[in-house]
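Below you will find the structure I want to go over with you.
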There are 2 protein chains.
Amino acid sequence: MEDGTLKSPGNICDTSASCEVRDLLDRIADKWSLLVIELLAHSTRRFSELHREIDGISKRMLTLSLRQLERDGLVRRTVYPVVPPRVDYELTALGATVLETIESLVSWTRQHRGEVALARADYDRRSAESPEAALLATRSSR
Amino acid sequence: MEDGTLKSPGNICDTSASCEVRDLLDRIADKWSLLVIELLAHSTRRFSELHREIDGISKRMLTLSLRQLERDGLVRRTVYPVVPPRVDYELTALGATVLETIESLVSWTRQHRGEVALARADYDRRSAESPEAALLATRSSR
DNA sequence: CCGAATCCCTTTAGATACTG
DNA sequence: CAGTATCTAAAGGGATTCGG
């Protein structure tokens, strides 16, 4: 079995508090977790529903994401021993509290993606046209 | 040179809108970007200050993160052509708008990490003690 | 059938050394 | 000081298989 530990080798924790925060932040602000939590916002979902609705996620990553969220107490996993098997996922009370902040992040993204797209186009155009002008355009010495 | 493109091969965009959102979400809700933006909240920082204050980040990742944030129009980079070189980073107006939602995410993490730690200990204890009880503990067929 | 585990290859992050 | 180049280690992801 793949072990669930998440300590990266470079994760030296001198200040214990800040390290835990970063550790947790990494988990929540992770590529898939945000999307999983958002989908579970409104209703319980089955594994296959999540897999279908999160476009591009592999079963493997969905499993891992759900396991971590379960371990962190944000998601509850309920197994029904029937055939065909059925496994439901839902947010816990704790999970519901993250939901709000996550939704604000997601909606920020929806609202501002136009501006970001413009900024990117601008940046790309500038660095393509004048690779060295970027330096000259900056203000002179202090 | 390492190319700045970020398209993963599996990133098939059938529904263009949702794909862009996810693309952007990945960038912002990224391991380091959140921390960089939070640090730039209160004041302009130099590269080395960020490198010092974000414990555990490598120069490489800091550079990449800052470049992406700059490209996305969230951070402004100012080069002073002096010796020794000086480069300042600050949030743009757009960057300031993400800040609020990011801070709520970070503060959620600070507030709830105790609960998460408990949930993890619980989960680890249960899966260690009774690897099979997890199944039996769930409710029976429907 | 649904979901977890495994193999294997690709992509990304991190450490280190070096440059303008 | 502020990066870049390069190499290696690790994580991600697809396909397949196993198990209930």
Side-chain angles (χ1 to χ4, degrees), chain A residues 1-12 22 26-27 30-33 35-36 45-52 54-68 70-71 75 77-89 127 131-132 134-136 138 141-142, chain B residues 1-12 22 26-27 30-33 35-36 44-68 70 75 77-89 127 131-132 134-136 138 140-142:
Chain A
M1 180 189 276
E2 191 167 318
D3 79 337
T5 59
L6 350 111
K7 301 287 153 206
S8 53
N11 206 351
I12 305 124
R22 178 133 85 253
D26 279 3
R27 194 83 45 81
D30 143 271
K31 180 169 183 172
W32 303 114
S33 300
L35 297 165
V36 170
R45 301 290 167 108
R46 303 182 58 174
F47 183 91
S48 52
E49 289 174 327
L50 291 170
H51 187 233
R52 211 171 302 121
I54 303 177
D55 187 73
I57 196 172
S58 64
K59 284 181 176 184
R60 191 179 119 90
M61 290 317 295
L62 181 55
T63 301
L64 289 176
S65 299
L66 287 168
R67 277 285 183 284
Q68 293 189 328
E70 190 195 1
R71 191 171 102 101
V75 161
R77 178 171 176 269
T78 311
V79 179
Y80 299 95
V82 295
V83 278
R86 179 196 177 94
V87 181
D88 281 359
Y89 295 92
S127 44
E132 79 292 340
L135 288 169
L136 303 173
T138 57
S141 82
R142 259 193 135 170
Chain B
M1 181 187 277
E2 190 167 320
D3 78 338
T5 58
L6 350 110
K7 301 287 154 204
S8 54
N11 205 353
I12 306 125
R22 176 134 85 253
D26 280 3
R27 194 85 44 82
D30 144 271
K31 180 170 184 173
W32 302 115
S33 300
L35 297 165
V36 170
T44 294
R45 302 289 167 108
R46 302 181 60 173
F47 184 89
S48 54
E49 290 175 326
L50 291 169
H51 187 232
R52 211 170 304 119
E53 288 168 322
I54 302 177
D55 187 74
I57 197 171
S58 62
K59 283 182 179 182
R60 190 181 117 92
M61 289 316 295
L62 181 55
T63 301
L64 289 177
S65 299
L66 287 168
R67 279 285 185 291
Q68 292 188 332
E70 189 195 0
V75 161
R77 178 171 176 270
T78 311
V79 179
Y80 299 94
V82 295
V83 279
R86 179 198 178 93
V87 181
D88 282 358
Y89 293 93
S127 43
E132 79 294 337
L135 288 168
L136 303 172
T138 57
S140 54
S141 83
R142 262 193 131 171

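Order of the sequence lines sets the chain letters (A, B, ...), proteins ahead of strands, with each chain counted from 1.
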In whole Å, what is the span from the CG atom of B:Asp26 to the P atom of D:dG12?
12 Å
Closest listed nucleotide, where the reference is the side chain of A:Lys31 and the choices are D:dG13, D:dA2, C:dG14:
D:dG13
Earlier contact from the 5' end, DNA chain D, for A:Pro84 and A:Trp32
A:Trp32
D:dA2 C1' sits how many Å from B:Asp88 CG, rounded?
12 Å
Would you kindly give the CZ-to-C1' distance between B:Arg46 and D:dC1, to the nearest whole Å?
7 Å
So if I take every side-chain heavy atom of B:Arg77 and compare against D:dG12, D:dG3, C:dG3, which nucleotide ends up nearest?
D:dG3
Determine: side-chain N/O of A:Thr63 to OP1/OP2 of C:dA4, distance under 4.0 Å, yes or no.
yes
Pull out every stem in DNA chain D, meaning runs of 3 or more consecutive Watson-Crick or G-U wobble pairs with both distances under 3.5 Å.
C:1-20 with D:1-20
Output for pair (B:Lys31 NZ, A:Lys31 NZ), nearest 0.5 Å, gives 15.5 Å
Taking only residues two or more places apart in sequence or in another chain, which ones pass side-chain hydrogen bond (donor to acceptor under 3.5 Å, both in side chains) with A:Ser65?
none
Do the non-hydrogen side-chain atoms of A:Gln68 and A:Leu64 ever get within less than 4.5 Å of each other?
no
Does A:Tyr80 put a side-chain nitrogen or oxygen below 4.0 Å from OP1 or OP2 of D:dG20?
no
Would you mind classifying the nucleic acid contact of B:Arg67 as base, sugar-phosphate or nothing, using non-hydrogen atoms under 4.0 angstrom?
sugar-phosphate
Any side-chain N or O of A:Ser58 below 4.0 angstrom from OP1/OP2 of D:dG12?
no
Does the cation-pi check pass for A:Arg86 over A:Tyr80, that is, NZ or CZ under 6.0 Å from the six-membered ring centre and within 45° of its axis?
yes
Does some side-chain heavy atom of A:Leu62 sit less than 4.5 Å from a side-chain heavy atom of A:Leu50?
yes
Whole-Å gap separating C1' (D:dG3) and CZ (B:Arg45):
20 Å
Rounded to the Å, how far apart are A:Leu64 CG and C:dG3 C1'?
13 Å
With the side chain of B:Arg60 defined as its heavy atoms from C-beta on, choose the nearest nucleotide among D:dT4, C:dG3, C:dA15.
C:dA15
Length of the NZ-C1' vector between A:Lys59 and D:dT16, whole Å
10 Å
A:His51 side chain to A:Ser58 main-chain N or O, any donor-acceptor pair under 3.5 Å?
no
5' priority, DNA chain D, between A:Met61 and A:Pro85 [closest heavy atom]:
A:Met61
Without decimals, in angstroms, what is the distance between A:Ile57 CD1 and D:dG13 C1'?
11 Å
Figure out the CG/P separation between A:Leu66 and C:dA5, and round it to whole Å.
13 Å
Test log, rule side-chain hydrogen bond (donor to acceptor under 3.5 Å, both in side chains), inputs B:Arg45 and B:Tyr89:
CA-CA 5 Å; B:Arg45 302 289 167 108; B:Tyr89 293 93; over 6 Å; no
